[in-house]
Amino acid sequence: MSNDPTQPSLIEPLMSSSVKNASNQSEMPFALVQGEPLTMIPQDLYIPPDALQVFLDAFEGPLDLLLYLIKRQNLDVLNIPIAMITKQYMEYIDLMDTMALELAAEYLVMAAMLAEIKSRMLLPRPDECSEEDDPRAELIRRLQEYEQFKKAAEDMDALDRLERDIFLTNIEVPNFEVEMPLPDVKMNDLLMAFRDVVNRAEQFASHHVQREPLSVRERMVLVLEKLSSDQFTSFLDFFDVSEGRMGVVVSFLAILELLKESMIELVQSENYAPIYIKAI
Amino acid sequence: MDTEQLKPILEALFSATEKPLAINFIYDLFSGDIDQPSKDDIRQAIHELVEKYESAGLELKQVASGFRFQIRPDYETWVARLWDQKPPRYSRALLETVALIAYRQPITRGEIEDIRGVSVSTNIIKTLQEREWVKLLGHKDLPGKPALYGTTKEFLDYFNLKSLNELPTLSEIKDLNQYHPELSFADKNLN
Amino acid sequence: MDTEQLKPILEALFSATEKPLAINFIYDLFSGDIDQPSKDDIRQAIHELVEKYESAGLELKQVASGFRFQIRPDYETWVARLWDQKPPRYSRALLETVALIAYRQPITRGEIEDIRGVSVSTNIIKTLQEREWVKLLGHKDLPGKPALYGTTKEFLDYFNLKSLNELPTLSEIKDLNQYHPELSFADKNLN
């Protein structure tokens, strides 16, 4: 896959109808593609294939994508031309499917719902139909409700808030006789916190907290402490024969682990030359 | 103790802690003192302090859990130069979730998911609870007894608000009655 | 920028940090601004602020490395009561973070976040460093060269440990019951 802009547009047929509405799009938030800000979703241009995931990520779900499609056409939510929107929505879904992007089930449920509404609208309607009979009513209600909270979230983001707009005061307490006490922590609290966090991590699989013996971990820290980043320290300096075989093994394991984790660099100028360790 | 004596003490108290202090809490600090000020005295002193700092770089501000000194947002630009760290940004998913909890509390996770149209990740709920913006209010009497969530005073404190009433009002949902079936059904886009 | 405009900005700066700010440092903060104040302007504004706070609960005080706001010692009694009333506590997030640093050091903030599933606020790391329980060990050879953290000797001393080896292993913790007097397991006052 390449980002070559001359490559023919994958989704041009879908996008081309909306070029004229570009201005209407400016306030929609978008995302970062590989660190580069994309201020708006491309309207008529080619979307680089590897940006598609980002494109999908830019939406908070099928309702958000639908709202986007509706706004882009400058349409009123209350008056969705269901066929057109369904067609566009399905093109996105197909495209994502072709790109083998992991598509959340919610998007497919929405696709089914749109198809159902469309089919019902194709059926002949009785002359006097009430709005409850409009198969779009439920979808419209959901879109409106979602839009309302999407706006509420934006408004909330704009409120003055701590850490960004408001800072708390941090005023020196001079040497009073009474010192501000520091929180007290019981060993038990620390252990339970560790147990809980490990249990939780295990529930969510993928991360298991490795169990190197703490002696190796501790030695890793000692090795790092001994290193300074601008100097090379001899490999041999990290072994103390007076610690016996176990001590040497622990040091060796610690250095291997540090190397594996990219926390140190090993340098040797030629075969059998002294080995040096350097901090990153 | 009169208001004039009380004011510098309150200034010292507010300077000593980042936590907002409630009138009742301050009142209790003086309990046992011969010249314990009344709650009205404290209220009056705070009122005068709020005015005193009206044009200063810091302000005495009332938020949900009490009063606190804070730096006036107007001067954020200069203060930010003191530090190089960027303020935390919150994802849309998190903001939409907390907005729903704030406006619709008590609310279950399922109800949030219904409105947002996507599942709400456990991490978001956990982050919100850890930040103490959201708390468990109880359980709904439904199969599975789903948890009911609501926002906390800390949430309001963070967003510089005294109460939920100060949240921006929800945009109005256009009444479905405004919508004329005969017009929209004229839609010729069915193909 | 005249003194009147400068004063609230200086108030904001001095309230934002406990560190004394030197005139030169403040002057540099404005560098690049079109209306950068002169050092004399800054000196004058500080002078006026010192007077302004003469009878307040906090004072603008000159110390060796510059000026800072500090609480006036006359109000010590009340400030001390504040701390008696609100003994400080660490959050669950902080405890989990320091526990992970203890057991998994050297560890980056990103790794802690991966395991905890939520982001770790800068304040937590800062608090742990200020408490001298956690220190910077170096950097990892990854994009952004993330900092590696580990625990300190002070951390071991606080928990009365001679070395990290004395920490129970994970499987030992998992086997532990609620009651384990020598580890004060009966203590449930956190969380």
Side-chain angles (χ1 to χ4, degrees), chain A residues 163 167-204 206-215 217-225 227-229 257-258 261-265 279-280, chain C residues 12 14-18 20 58 61 68-71 73 76 79-80 83 87-90 92 95-96 98-100 102-106 114-117 131 137-142 145 148 150-151 158-160 163-165 167-171 173-174 176 180 183-185 187 189-191:
Chain A
E163 299 181 277
F167 297 100
L168 294 176
T169 52
N170 186 8
I171 288 167
E172 170 70 14
V173 179
N175 299 325
F176 285 2
E177 291 198 0
V178 203
E179 288 234 340
M180 178 154 64
L182 289 167
D184 186 33
V185 178
K186 303 268 194 305
M187 178 65 138
N188 175 44
D189 300 326
L190 191 71
L191 298 181
M192 291 302 107
F194 184 61
R195 186 186 65 179
D196 291 351
V197 72
V198 170
N199 284 344
R200 232 172 35 232
E202 282 171 354
Q203 272 174 26
F204 293 103
S206 79
H207 307 290
H208 30 217
V209 177
Q210 292 169 49
R211 294 177 190 117
E212 290 105 45
L214 272 170
S215 52
R217 290 262 147 210
E218 188 165 38
R219 191 59 59 100
M220 287 163 71
V221 169
L222 291 176
V223 170
L224 284 176
E225 280 173 355
L227 292 173
S228 69
S229 52
E257 186 62 29
L258 286 167
E261 297 274 324
S262 310
M263 300 186 207
I264 55 168
E265 263 175 70
I280 299 294
Chain C
F14 288 123
S15 346
T17 176
E18 288 181 314
L58 65 168
K61 174 114 181 159
R68 71 177 177 205
F69 265 140
Q70 58 180 47
I71 296 166
E76 177 182 350
V79 173
W83 294 329
R89 274 155 137 217
Y90 286 138
R92 188 78 192 167
L95 289 179
E96 289 186 4
V98 69
L100 278 170
Y103 276 90
R104 294 281 301 137
Q105 58 191 302
D114 279 351
I115 299 170
R116 296 196 58 238
R131 183 89 195 238
L137 292 173
H139 296 271
K140 201 163 177 172
D141 191 16
L142 282 178
K145 297 261 187 261
L148 286 165
T151 52
Y158 184 88
F159 289 101
N160 209 12
S163 90
L164 284 176
N165 272 324
L167 280 173
T169 64
L170 184 54
S171 51
I173 302 177
K174 285 188 171 172
L176 286 174
H180 204 301
L183 288 172
S184 65
F185 267 75
D187 181 336
N189 65 358
L190 258 139
N191 179 6

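Note on naming: letters A, B, ... go to the chains in the order of the sequence lines (proteins, then strands), and numbering restarts at 1 for each one.
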Separation between CD of A/E261 and CG of C/L142, rounded to the nearest 0.5 Å: 9.0 Å
Structural part of C/K140 lying under 4.5 Å from a heavy atom of chain A: both
Atom pair CD1 (C/I71) and CD (A/E172), whose distance is rounded to the nearest 0.5 Å: 8.5 Å
Per-residue contact mode, C/S163 against chain A (heavy atom under 4.5 angstrom): both
Closest non-hydrogen atom pair, A/L191 against C/P168: CD1-CG, 3.6 Å
A/M220 side, atom CE; C/L137 side, atom CG - distance, nearest 0.5 Å: 9.5 Å
Engaged part of C/R116 at the chain A interface, taking heavy atoms whose separation is under 4.5 Å: both
A/D184 side chain reached by C/Y158 side chain, heavy atoms, under 4.5 Å: yes
Shortest non-hydrogen contact from C/Y103 toward A/R217: O-CD, 3.6 Å
Nearest-0.5 Å distance that lies between atom CZ in C/R92 and atom CG in A/D196: 4.5 Å
Residue pair A/F194 / C/L100: nearest heavy atoms and the distance that separates them: CE1-CD2, 3.9 Å
Value rounded to 0.5 Å, distance of CD1 in C/I173 from CG in A/L190: 8.0 Å
Region of A/L258 in contact with chain C, defined by heavy-atom distances below 4.5 Å: side chain
Region of C/A102 that comes under 4.5 Å of a non-hydrogen atom in chain A: backbone
Separation of A/D189 CG from C/E96 CD (nearest 0.5 Å): 12.0 Å
Among C/T151, C/L58, C/L167, residue most engaged with chain A (heavy-atom pairs, under 4.5 Å): C/L167
Steps toward side chain to side chain contact (heavy atoms under 4.5 Å, CB included) verdict (C/F69, A/N170): CA-CA 9 Å; C/F69 265 140; A/N170 186 8; over 6 Å; no
